[in-house]
Amino acid sequence: MNYLIISAVLLSCGVYTALTKTNAVRFLMGIELILNAAALNFVAFSRFSEGAFNGQLITIFIIIIAASEAVVALAIILNIFRFRQSINIDEAHTLKG
Amino acid sequence: MHAAFSLLVALSGVAVLYIFLGADFLAATQLLVYVGGILILVLFGVLMTHNIGAVTVNLNTGQIVLGTLTSLLVLGSLGLILYRNVWFRHSDLPFEPTAYSIGESLMTTHLLPFELASVLLLAAMIGAVMIARKEG
């Protein structure tokens with residue numbers, strides 16, 4: 001059960017980081033924290049249930065998805081920085097009507 | 001920058017927790033992929049988009065208060081769920097190496113997510129190269 005508490009604390013830290021920071025790279029770090037908290041939750045549940053490895057398999061896929069999403073997000077952030085010289089996500093609102 | 005190094009420590013901590021939970025292959029994968037891959041990418045992102053000089057710190061205090069409130073709400077509701085439930089916990093199984101069983105189930109029963117994950121990685125690589133390319 002302690003692992004679930006750790007994962008809940010990580011989740012709330014990730015949510016705070018994802019909601020508050022205006023830097024785009026910090027926002028990405030918050031998302032990574034959230035994903036790690038969910039993965040830790042999965043592995044903890046898989047450990048304390050009878051002999052099934054499903055939680056660890058799902059965690060492998062979480063790691064894969066997080067990797068691909070971080071790659072694409074950083075490519076977009078680099079592109080935005082090239083155009084605007086700033087990665088403040090509050091300033092990237094040219095698509096807004 | 002310091003935030004990226006704190007994230008490194010946090011991700012390594014999660015890898016150590018995986019070892020405590022008996023997921024040895026997963027701990028190694030987490031260290032290799034997250035710390036050695038994604039975190040290096042994040043560090044590149046931090047270093048390449050570093051605003052030299054003009055650091056406009058517009059601390060919107062309403063935003064910070066709302067963010068703290070939301071995160072405390074999430075933590076509170078999760079803590080309520082955790083502490084009110086009776087967690088059914090099996091006896092501690094002995095630790096056994098998981099690499100073989102994970103590989104076997106990835107190749108036999110979980111083949112479809114495996115293939116889809118490889119397609120996803122290919123698409124992400126192609127997409128990232130296309131997005132970050134210089135024009136012309």
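Proteins get letters first, then strands, A, B, ... in listed order; numbering begins at 1 in each. These numbers come from the heavy atoms of this one structure, side chains and all, not from hydrogens, waters or symmetry mates.
- Once rounded to the nearest 0.5 Å, the distance linking CZ of F61(A) with CG of L116(B) reads 8.5 Å.
- The candidate from P113(B), A4(B), G22(B) with the greatest count of non-hydrogen atom pairs under 4.5 Å with chain A is P113(B).
- For the atom pair CD1 (I64(A)) and CZ (F114(B)), the distance works out to 7.5 Å, reported to the nearest 0.5 Å.
- Looking only at heavy-atom pairs under 4.5 Å with chain B, the residue among L19(A), I77(A), L11(A) that has the most is L19(A).
- Using a 4.5 Å cut-off between heavy atoms, A39(A) contacts chain B through both its backbone and its side chain.
- Remark: D24(B) CG to Q56(A) CD distance equals 7.5 Å, nearest 0.5 Å.
- The two residues A128(B) and V71(A) make their nearest non-hydrogen contact at CB-CG1, 3.3 Å.
- Note on L17(B), N85(B), L26(B): by heavy-atom pairs under 4.5 Å with chain A, the leading option is L26(B).
- The two atoms that bring I60(A) and I102(B) nearest to each other are CD1-CG2, 3.6 Å, heavy atoms only.
- Within 6.0 Å of OH on Y16(A) lie more than 12 heavy atoms contributed by other residues, nucleotides or ligands.
- If you measure heavy-atom distances from L7(B) to chain A, the contacts under 4.5 Å come from the side chain alone.
- By number of non-hydrogen pairs under 4.5 angstrom with chain A, the leading residue of V14(B), L78(B), L41(B) is L41(B).
- Ranked by heavy-atom pairs under 4.5 Å with chain B, the first of V15(A), I76(A), L74(A) is L74(A).
- Proximity to chain B involves both the backbone and the side chain of I65(A), based on heavy atoms less than 4.5 angstrom apart.
- Neither the backbone nor the side chain of A18(A) comes within less than 4.5 Å of any heavy atom in chain B.
- In terms of non-hydrogen atom pairs under 4.5 Å with chain A, the most contact-rich of T29(B), T68(B), V74(B) is T68(B).
- With chain A as the partner, the residue from V46(B), L75(B), L69(B) showing the most heavy-atom pairs under 4.5 Å is L75(B).
- Most heavy-atom pairs under 4.5 Å with chain B, from the set S12(A), A67(A), A75(A), A44(A): that is S12(A).
- Distance check, rounded to the nearest 0.5 Å: OG of S68(A) to CG of L121(B) gives 5.5 Å.
- The most heavy-atom pairs under 4.5 Å with chain A, out of A23(B), G79(B), S105(B), come from A23(B).
- For the atom pair I81(B) CD1 and L4(A) CG, the distance stands at 11.0 Å (nearest 0.5 Å).
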Steps toward side chain to side chain contact (heavy atoms under 4.5 Å, CB included) verdict (Q30(B), N36(A)): CA-CA 10 Å; Q30(B) 161 102 357; N36(A) 266 308; 3.2 Å; yes
List the steps and the verdict of side chain to side chain contact (heavy atoms under 4.5 Å, CB included) for N54(A) and H110(B). CA-CA 10 Å; N54(A) 290 329; H110(B) 292 86; 4.0 Å; yes
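- Heavy-atom neighbours of chain A within the stretch residues 32-40 of chain B, taken at a separation under 4.5 angstrom, comprise V33(B), Y34(B), I38(B).
- The hydrophobic clustering, which links ILVMFWY residues whose side-chain heavy atoms are closer than 4.5 Å, places V42(B) and F5(B) together.
- With a threshold of 4.5 angstrom between heavy atoms, F44(B) does not approach chain A through any atom at all.
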Checking side chain to side chain contact (heavy atoms under 4.5 Å, CB included) for the pair F53(A)/L106(B): CA distance, chi angles, key distance, verdict? CA-CA 11 Å; F53(A) 285 116; L106(B) 267 186; over 6 Å; no
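- Residues L21(B) and F48(A) approach most closely at CD2-CE1, 4.1 Å, considering heavy atoms.
- Only the side chain of F45(A) comes within contact range of chain B, with heavy atoms under 4.5 Å apart.
- The distance from atom CG of L57(A) to atom OG1 of T109(B), rounded to the nearest 0.5 Å, is 7.0 Å.
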